[in-house]
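For reference, the structure is listed below as structure tokens.
Just so it is clear: chains get the letters A, B, ... in the order the sequence lines come, proteins before strands, and each one is counted from 1.
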Amino acid sequence: MPELPEVETITNRLRVQVLNASIRDCDVRWRKSVATPNADQFIHQIKDQRILSLSRRGKFILFQLTYDVLLIHLRMSGDLLVDPETNSIDKHDQIIFTLDTGQVIKFNDTRKFGRVWLTDDPESVVGKLGPEPFSEAFTPAIFFDALHGKHRQIKPLLLDQSFLAGLGNIYTDESLFDAGISPRTISADINAPTSERLHASIRKVLLKGIENNGASIDWVYKGGGFQNHFRVYQRTGQPCLNCGTPIQKTVIGQRGTHYCPNCQPFPGG
DNA sequence: CACGAGACCTGTTCGC
DNA sequence: TGCGAACAGGTCTCGT
């Protein structure tokens, strides 16, 4: 599920709900959800730490606690839900944090791919991430240079979190469509004007996602509306909203990839 | 360095 | 209707 807009939405929601609360207790029901330290140490160490601030880096949610930073990555099916008090526990609630306010934060994760870290050195977890798409450091010129520093298909490159942080399968397909670039285009072959267009499209599409509180698909992640604005994602066979050509789906880098063969021609055919 | 396959997991949808 | 295959918002590791 969660890409940058969904994680941003969840982080902002959490900030309103649990900022300044202290973690009184923690129940780990799927031990592998804890990446580091081991589950027992994690539970012991997080107790009585207070949530001083919340932020997002790429697809990670960061809780600045009294002594450590709690980092959470939701991967494919994770979500963070806040209950006003201890209620029903879902079978997919993998970690449950009880707060001194009586509230409960539930890390719900059907597929169990999500992970949490507790460390005083968050750089050890997020240090290899590429730039934030909305940071001032992510300029069109830097993006162009980065594209030419690689010789890879543009779609898998944009999904590479060490290249650029935050894009996932939905927003990559939507960005490439918006910029009119074939997902198979080799990064080093993208010229300056096209690179600048892609840079703008990435920000535009992510912003639209954030404005719609992310995308809700199937049973995973509730509350988003960006799925109503998809132009290629999950529109296989439907007419392109620009030219009417049926949207195609293929596999690139082992990921389902949606595109308009007319609006996103591969250079040279 | 770039890329594909296989893992990690569960649930839903598709095809015969 | 039933059942297995295919597929799903992500990322890591290994082999070529």
Side-chain angles (χ1 to χ4, degrees), chain A residues 1-11 29-36 56-61 71-80 90-95 107-117 124-130 133 146-176 183-189 202 205-206 208-210 212-237 249-258:
Chain A
M1 159 196 66
E3 306 178 32
L4 188 152
E6 290 76 28
V7 177
E8 177 79 13
T9 301
I10 290 168
T11 304
R29 304 169 69 96
W30 182 256
R31 297 174 69 87
K32 285 188 187 175
S33 293
V34 182
T36 189
R56 177 193 59 72
R57 174 79 173 95
K59 300 175 191 172
F60 289 82
I61 300 167
L71 301 98
I72 301 183
H73 197 302
L74 303 169
R75 292 280 175 90
M76 291 284 266
S77 61
D79 201 356
L80 284 170
D90 184 86
K91 75 188 273 199
H92 301 302
D93 290 338
Q94 313 300 359
I95 303 179
F107 172 50
N108 186 278
D109 185 14
T110 302
R111 292 178 69 181
K112 300 177 176 174
F113 288 165
R115 293 291 181 269
V116 306
W117 296 255
S124 66
V125 181
V126 297
K128 289 180 180 167
L129 290 179
L147 289 175
H148 283 247
K150 301 281 183 182
H151 198 269
R152 295 176 58 183
Q153 293 185 316
I154 187 63
K155 156 121 189 189
L157 183 58
L158 291 179
L159 286 173
D160 184 338
Q161 300 299 297
S162 69
F163 182 78
L164 180 64
L167 285 183
N169 212 31
I170 294 175
Y171 295 92
T172 299
D173 280 4
E174 294 293 329
S175 296
L176 289 171
R184 294 190 194 280
T185 304
I186 299 302
S187 58
D189 293 342
I202 289 168
V205 168
L206 287 175
K208 183 136 190 172
I210 292 170
N212 285 277
N213 300 312
S216 300
I217 303 176
D218 298 332
W219 77 102
V220 188
Y221 182 71
K222 311 273 196 289
F226 187 65
Q227 66 278 9
N228 300 317
H229 299 275
F230 291 167
R231 293 199 279 169
V232 285
Y233 192 79
Q234 286 195 338
R235 292 197 65 246
T236 310
K249 183 177 181 186
T250 184
V251 176
I252 300 176
Q254 300 165 231
R255 308 301 302 276
T257 300
H258 313 74

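- In this structure, D173(A) contributes its side chain and H258(A) its backbone to a donor-acceptor pair below 3.5 Å.
- As judged by a 4.0 angstrom heavy-atom cut-off over every strand, F226(A) is placed among residues making no nucleic acid contact.
- Closest to the I170(A) side chain, of the nucleotides dG9(C), dC9(B), dG10(C), is dG9(C).
- Spacing of P atoms, dC14(B) relative to dG9(C), comes out at 15 Å, to the nearest Å.
- In terms of polar N and O atoms assigned as donor or acceptor, the side chain of Q153(A) never comes within less than 3.5 Å of the base of dA2(B) in a complementary pairing.
- Counting only heavy atoms from C-beta on, K32(A) has its side chain closest to dC9(B) among dC9(B), dA2(B), dA8(C).
- The shortest distance between the side-chain N/O atoms of K249(A) and the OP1/OP2 oxygens of dC7(C) is not below 4.0 Å.
- Per the geometry, CG belonging to D189(A) stands 13 Å off P belonging to dA2(B), to the nearest Å.
- One finds no salt bridge joining D160(A) and K150(A) here, because no Lys/Arg side-chain nitrogen approaches an Asp/Glu carboxylate oxygen to under 4.0 Å.
- Backbone-only contact: K91(A) has heavy atoms under 4.0 Å from sugar-phosphate atoms and none from a base.
- Mapping G149(A) and H92(A) onto DNA chain B by nearest heavy atom places G149(A) at the nucleotide closer to the 5' end.
- Protein atom CD of Q254(A) is 16 Å distant from nucleotide atom P of dA2(B), rounded to whole Å.
- In DNA chain C, stems built from 3 or more consecutive Watson-Crick or G-U wobble pairs, each with both distances under 3.5 Å, span B:2-8 with C:10-16, B:10-16 with C:2-8.
- Using a 5.5 Å limit on the distance between ring centres and a 30° limit on the angle between planes, the aromatic ring of F113(A) counts as stacked on the six-membered base ring of dC8(B).
- Inspection of the K155(A) and N169(A) side chains reveals an N or O donor paired with an N or O acceptor under 3.5 Å.
- Counting heavy atoms from C-beta on, the side chains of Y221(A) and T9(A) come closer than 4.5 Å.
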